[in-house]
Amino acid sequence: MAASALLRSLSRVSRRGCAPASYGRGPFSPFSSAAAAAAAGDAGDGAVLPRGLAGLGPTGKGEKARVVVLGTGWAGSRLMKDLDTSGYDVVCVSPRNHMVFTPLLASTCVGTLEFRSVAEPLARIQPAVSSSPGSYFLLARCTAVDPDAHTIDCETVTEGEKDTLKPWKFKVSYDKLVFGCGAEASTFGIRGVTEHATFLREVHHAQEIRRKLLLNLMLSDVPGISEDEKRRLLHCVVVGGGPTGVEFSGELSDFIIRDVKERYSHVKDYVHVTLIEANEILSSFDVRLRQYAINQLVKSGVRLVQGIVKDVQPDKLILDNGEEVPYGLLVWSTGVGASSFVKSLPFPKSAGGRIGVDEWLRVPSVPDVFAVGDCCGFLESTGKEVLPALAQVAERQGLYLARLLNSVMKAGGGHANSQVEVDLGPKFVYKHLGSMATVGRYKALVDLRQSKGSKGISIAGFASWFIWRSAYLTRVVSWRNRLYVAINWLTTMIFGRDISRI
């Protein structure tokens, strides 16, 4: 009886998979083998197709319009959070199933916070992707776009996993497509950076930094290590004097002062941190705050070097003046630029190779395509400057576009090529709310000026550190992670950081 029931169930799934009207909809899952079987049937007898899914077909009459979002960064996550799922199905295509709260990522490298405290699962941000029949999260990356057919080509992401399925390709049809795929770290074409440096943009980057830092500490305590090798292993070099580089240097120096010197007393005098910047550290901050940051970092034992990196080798880097800087850990934090995928797209580009958008964040050359966050910039024809790659810019663009798409849907223009006159409302306008950065040892900077040349409030010290922590605690997406962060901060303050290498 059980076997016959199973056969009847499989038969029903197969019939649904072959029906175009239900393809990828309702109870039919895009992950079932029926999709591949349907594709093989369309290709004719004897056709050999790559293993995988055929994809998600176009939405039918009477069905919800489908919004496809590429990326789970600040912009894409905020967009999905505020999108009205009563009128839209949401399909997210991304190599990660969570959003990273990047302002607190540096704290995870040294154990001030645990990694899960800064990772917000997408299913909590937008529950529809795990509960709605027509909404999905697809662990994949977009490889190409066909604006005429309203489809994207995707490939599953399985890097670094053993004994798993090989990557395969599939297509997804869209009614509205939103690029929120972010940017990639800038290496300026310097040889050896990609191979030997660690970036600080994802949770797995922070995990790699923490493992390598603790490994070097333990190896340097082993008998037989020479003095020079100890100094190299325990020399942490940070390239880039922006907020990320300064915050990581401050966290690292605080970790060394409060935890390393107590628990690794045999090698405490060998541990050093060097911060290398080509121009000025925290160049967007007030001059007084920059000087305060320099004083605090130097007081914490951070060596500041002004120079340009010319070459990166496995155990040392070379500056433009010929100086060689040995390192055991190299963290690269010199800003971001357009990714190779974004540069390859057949759309007009703004300065820096980003996707060009108009004042409503539309890609003007193609219908039903939008872009938000670090991957986009205003076209020169708009007369607006390209906005900086900041979390607050991306988040507000995501919120703005969600409201715009909701109004379009309510006016009847949610589906592809809908010829409906919709008032898009006011153009997107960005107002800078200010910048914050911690420099370790309960000290931080708060710069509330709207621009570099304008006047405004700028404070530093313990009060700024309290504001910095309070502000970020309230900005963490869910109450679950706010509780995690608060508990992590409390336990670190009482017991110190966890230095287990797991």
Side-chain angles (χ1 to χ4, degrees), residues 65-85 88-102 119-126 128-129 135-145 147 150 152-154 157 172 174-185 201-202 336-345 347 349-350 352-358 360-364 366 368-378 386-406 408 428 430 477:
R66 180 186 298 144
V67 177
V68 176
V69 183
L70 306 182
T72 53
W74 282 85
S77 297
R78 186 55 196 259
L79 167 72
M80 288 183 280
K81 179 181 179 181
D82 290 272
L83 206 61
D84 185 356
T85 54
Y88 283 120
D89 282 333
V90 184
V91 174
C92 178
V93 179
S94 176
R96 69 183 190 198
N97 69 342
H98 58 274
M99 171 196 164
V100 179
F101 194 81
T102 48
E120 192 67 47
L122 180 62
R124 290 182 181 273
I125 297 172
Q126 179 47 268
V129 298
S135 297
Y136 304 99
F137 168 77
L138 306 178
L139 188 69
R141 61 168 53 94
C142 178
T143 57
V145 182
H150 274 63
I152 59 172
D153 294 342
C154 303
V157 176
V172 175
Y174 65 85
D175 293 298
K176 307 295 180 190
L177 175 64
V178 181
F179 286 90
C181 42
E184 63 184 24
R201 294 180 52 77
E202 303 285 350
V336 297
S339 66
S340 55
F341 168 66
V342 167
K343 291 178 180 178
S344 70
L345 293 171
F347 303 141
K349 300 297 193 299
S350 68
R354 298 184 185 186
I355 301 171
V357 295
D358 63 11
W360 291 274
L361 305 180
R362 300 176 298 182
V363 179
V366 289
D368 300 321
V369 178
F370 304 82
V372 288
D374 298 351
C375 69
C376 75
F378 289 121
V386 175
L387 295 173
L390 298 175
Q392 59 177 294
V393 174
E395 184 182 31
R396 255 176 287 168
Q397 286 183 336
L399 174 61
Y400 171 87
L401 185 57
R403 291 173 176 172
L404 186 149
L405 291 176
N406 290 340
V408 168
F428 176 76
Y430 171 70
V477 178

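For the single chain, residues carry numbers from 1 onward in sequence order.
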Test side chain to side chain contact (heavy atoms under 4.5 Å, CB included) applied to V68 and D175, V90, V91, the passing residue: V91
Lys/Arg-Asp/Glu bridge criterion (N-O < 4.0 Å) met for K176, D368: yes
With E184 via side chain to side chain donor-acceptor pair (under 3.5 Å) - residues at least two apart: none
Atom pair CD/NZ of Q126 and K81 - distance to nearest 0.5 Å: 10.5 Å
Atom pair CG (L70) and SG (C142), whose distance is rounded to the nearest 0.5 Å: 5.0 Å
CD1-CG distance between I355 and D374, expressed to the nearest 0.5 angstrom: 11.5 Å
From CA spacing to verdict: side chain to side chain contact (heavy atoms under 4.5 Å, CB included), R354, V386: CA-CA 9 Å; R354 298 184 185 186; V386 175; 3.4 Å; yes
Audit row: Y136, C92, side chain to side chain contact (heavy atoms under 4.5 Å, CB included) steps and yes/no: CA-CA 6 Å; Y136 304 99; C92 178; over 6 Å; no
M99 vs W74, side chain to side chain contact (heavy atoms under 4.5 Å, CB included): CA-CA, chis, key distance, verdict: CA-CA 7 Å; M99 171 196 164; W74 282 85; 3.5 Å; yes
Beyond-backbone contact of I152 with C154, side-chain heavy atoms, under 4.5 angstrom: yes
Shortest non-hydrogen contact from A394 toward G373: CB-CA, 3.9 Å
Separation of L401 CG from D82 CG (nearest 0.5 Å): 11.0 Å
For Y400, ring pair (Phe, Tyr, Trp, His ring centres under 6.0 Å) partners two or more places apart: F428
Any residue meeting ring pair (Phe, Tyr, Trp, His ring centres under 6.0 Å) with F378, in chain and number order, not counting sequence neighbours: none
Under the ring pair (Phe, Tyr, Trp, His ring centres under 6.0 Å) test, residues paired with F370 that sit two or more places apart: none
Over 12 foreign heavy atoms within 6.0 Å of CZ, R362: yes
Criterion side chain to side chain donor-acceptor pair (under 3.5 Å) on Y430 and Q392, from CA distance to verdict: CA-CA 9 Å; Y430 171 70; Q392 59 177 294; 3.2 Å; yes
E395 CD to L399 CG distance, which is reported to the nearest 0.5 Å: 7.5 Å
Residues which pass side-chain contact (heavy atoms from CB on, under 4.5 Å) with R96, listed by chain and number, not counting sequence neighbours: T72, S94, H98, V100, E202
Listed partners of D84 passing side chain to side chain donor-acceptor pair (under 3.5 Å), at least two apart: S86
Any donor-acceptor pair under 3.5 Å from R124 side chain to V477 backbone: no
Stepwise side chain to side chain contact (heavy atoms under 4.5 Å, CB included) test for V366 and V145: CA-CA 11 Å; V366 289; V145 182; over 6 Å; no
Flag side-chain contact, heavy atom, 4.5 Å: R201 against T102: no
Plane angle bin for F179 and F347 - parallel if under 30°, tilted between 30 and 60°, otherwise perpendicular: perpendicular
Point-to-point distance, once rounded to the nearest 0.5 Å, from CG of N97 to CG of L138: 12.0 Å
